[in-house]
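Take a look at the structure below.
Every chain is numbered from 1 and lettered A, B, ... according to where its sequence line falls, protein lines coming before strand lines.
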Amino acid sequence: MRYSEMFLPTGREIPSDAEIVSHRLMIRAGMIRKLTSGIYSYLPLGFRVIKKVEQIVREEMNRAGAQEVFLPAVQPAELWQESGRWQQYGKELLRFRDRQDRECCLGPTHEEVITDLVRNDVKTYRQLPRNLYQIQTKFRDEVRPRFGIMRCKEFSMKDAYSFDVDEKGAEISYEKMFEAYSRIFSRCGLKFRAVEADTGNIGGSFSHEFMVMADTGEDALVFCSSCDYAANVEKAEVARPEKKAVDESAFSPLEEIHTPDVRTIEEVCAFLDVTPQDVVKTLIFLVDDSPVAVLVRGDEEINEAKLRSYLGCDSLELATDDIIYEVTDSPRGFAGPINIKSRIVADYSFVNMTNCVVGANKEDYHIKNANIGRDFKVTEFADLRLIKETDSCPRCESPLRFARGIEVGHVFKLGTKYSKAMKATYLDKDGKEKYMVMGCYGIGIGRTAAASIEQNYDDNGIIWPVSIAPFQVMITPVNIKDEALLTTAEKLYQGLMDKGIEVILDDRDERAGVKFNDADLIGIPLRITVGPKRLAEGKVEVKIRKSGEVEVLSVDEAEKFIVDWVQAELKADG
RNA sequence: CGGGGCGUAGCGCAGCCUGGUUAGCGCACCUGCCUUGGGAGCAGGGGGUCGGAGGUUCAAAUCCUCUCGCCCCGACCA
């Protein structure tokens, strides 16, 4: 392409509403523009990157035996009612009515549609396994879109769905996708890790997230320093501590203490001169409309994802003051397990606590020397707390490392969650009707592109890996009014295009500095500078964006160098 | 949904507190000259419902009320 003919509005100013590097650079490089909150247009340069990512995804999905389909964005409510998610999904699901007053939604994901499709056309084990995927616009009405296209409402996602005859088959499908994903993100030039993850809204038994390592990532991750355990902190397990023998003779007598206006753990510790390890934190949650008291040691935090998963509930939120009053006969800040009017579940951190401080369920009072068994009963213990730096690996007990990441892909073992709800069955060899076993697999296309920028940039702009670069080469004649320079640049331009190289000829009547800065900003991997000094010797310069290395070559040598270099880079990523 | 901030030219901002010529600056844009290896210089020029509505006033970008939008923090969430 000739730069002079391109729609490529680059900018020098840093957009004031962009917080993270990828967002700023995508705006400045003329890749995207915001239409409204969480909704973006892709300009030609940005769209080329998207297409590159999509192509890599297609190639690897096809290689893994998946087949591409294209499902509707608008979906009828009935399907979602069948799966139960019409109620569960919450406000992120954009619902509306058509002119016949039928309830519809914009698809945030496509389990329902694909399951409906497959149940109608797959009847026998002979038609299984199958894996279908699509690359399509999803709509999720995010509470707070942010970071440009990193978390937006309308976005392009590759979603794949596998259908198998049994768990064993589903396991194989899952492994194939896991491998395909690893290849995809490697080819996109990303440094990533797969981590165990919570299954959230999608459900199912087990999942891995593919995380691009970046400090600006929204997810916190934990890794074992010696074994290969890696997990999202919202999923990370904490080992159950050994239950110590209880010595009831060491129990001190219960003591109710007046603690006016003392509510938080810090206030309790200061007032009673104890440590957070001595205090029981009692949190009241509203779980599918009934209250549940959750106990955790005072220095620990509840992990709501784990709690949600343990309780198997649709909705979970911290209780309002009204509910707290109902359950504890007191305002917020004085809840405790003794005589509380709700179900109690406790985190493992609570197992070995003795003579602890608890709320009295009475305004302005706490109780000292509370003991499980003697003073109250707890029958449910579970791993409910957030992992922290001082914890050790739940698998091998080695020290842990923490880091942040961007979730670019997520693979799920769904089991029969959707096939049961929506009666997706097949007949096995014995003529018996069985539920298909499903998996689903997503990749955020735009997010993958943005994540690449988070990992590859410098003060001057983006540094694309060749595999997803919008163009591979930029030719920069330093002065287009110099006939010799322009002629040489044109010759290179034609020659490289003939060899299948994607190239921009910067034929603008701009000063060299402007062109260099734009080339760096939009991150083209190679730049050929055609200038008078070198051309006098019949040479041009080829500069490698990522290393800054410069090769001085004749025109023919430059062509060959570039073709070879591009091939080598593509091979290295693949 | 709670807390905070911001809406003035394509972008980045000043002016508002303390109302008063024709609403400014930088970048970008157009014309001409000049210049051409890391965002040049000079001269001239175009572009504004000051987010919107209502109100106060002789007079509103400025004060008041309502409203819409955007951003950040939290809550929430693949």
Decide yes or no, distance alone: a donor-acceptor N/O pair under 3.5 angstrom between the base of [N] and the side-chain of [X].
X: A:Arg527; N: B:rG38; value: yes
X: A:Arg12; N: B:rA28; value: no
X: A:Arg144; N: B:rC76; value: no
X: A:Glu541; N: B:rG37; value: yes
X: A:Asn479; N: B:rG37; value: no
X: A:Lys543; N: B:rG38; value: yes

Distance check, [atom1] atoms only: [N] and [M], in whole angstrom units.
N: B:rC25; M: B:rG47; atom1: P; result: 15 Å
N: B:rC29; M: B:rA14; atom1: P; result: 24 Å
N: B:rG5; M: B:rU57; atom1: P; result: 30 Å
N: B:rG55; M: B:rG19; atom1: C1'; result: 15 Å
N: B:rG4; M: B:rC63; atom1: C1'; result: 23 Å
N: B:rG52; M: B:rU8; atom1: P; result: 10 Å
N: B:rG46; M: B:rU31; atom1: P; result: 15 Å
N: B:rU62; M: B:rU56; atom1: P; result: 15 Å

Please give the nucleotide sitting opposite [N] as a Watson-Crick or G-U wobble pair, both distances under 3.5 Å, or none.
N: B:rG74; answer: B:rC1
N: B:rC33; answer: B:rG41
N: B:rC25; answer: B:rG12
N: B:rC6; answer: B:rG69

Quiz item: Under the criterion side chain to side chain donor-acceptor pair (under 3.5 Å), which of A:Arg95, A:Lys91, A:Lys153 is the partner of A:Asp141?
Solution: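 Result: among A:Arg95, A:Lys91, A:Lys153, A:Lys153 is the only option passing the side chain to side chain donor-acceptor pair (under 3.5 Å) with A:Asp141.
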Exercise. Name the nucleic acid region contacted by A:Thr36, choosing base, sugar-phosphate or nothing; use a 4.0 angstrom heavy-atom cut-off, strictly under.
Key: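 Counting heavy atoms under 4.0 Å across all strands, the contact made by A:Thr36 is with sugar-phosphate only.
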Which listed nucleotide ([options]) is nearest to the side chain of [X]?
X: A:Thr529; options: B:rG39, B:rU35, B:rG37; value: B:rG37
X: A:Leu521; options: B:rG39, B:rC29, B:rG37; value: B:rG39
X: A:Asn517; options: B:rG38, B:rG69, B:rA40; value: B:rG38
X: A:Glu92; options: B:rC77, B:rC76, B:rC71; value: B:rC77
X: A:Arg146; options: B:rG37, B:rG39, B:rC76; value: B:rC76

Please tell me if [X] has a side-chain N or O lying less than 4.0 Å from either OP1 or OP2 of [N].
X: A:Ser16; N: B:rC11; value: no
X: A:Arg511; N: B:rA40; value: yes
X: A:Arg308; N: B:rC77; value: yes

Quiz item: Under a 4.0 Å N-O cut-off, is there an ion pair linking A:Lys306 with A:Glu237?
Solution: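 Salt bridge flag = no for A:Glu237 with A:Lys306.
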Quiz item: A:Asp159 and A:Tyr161: side-chain donor and acceptor closer than 3.5 Å?
Solution: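 Checked: A:Asp159/A:Tyr161 side chains pair up, N/O donor to acceptor below 3.5 Å.
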Quiz item: Are the ring centres of A:Phe412 and A:His410 closer than 6.0 Å?
Solution: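 Yes; A:His410 has its ring centre under 6.0 Å from that of A:Phe412.
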Practice problem: Measure from the ring center of A:Tyr441 to the ring center of A:Phe178 and say whether it is less than 6.0 Å. | Solution: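 No, they do not, as the ring centres are separated by 6.0 Å or more.
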Exercise. Without swapping roles, check the side chain of A:Arg534 against the backbone of A:Val552 for a donor-acceptor pair under 3.5 Å.
Key: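 Pair absent, no side-chain N/O of A:Arg534 close to backbone of A:Val552.
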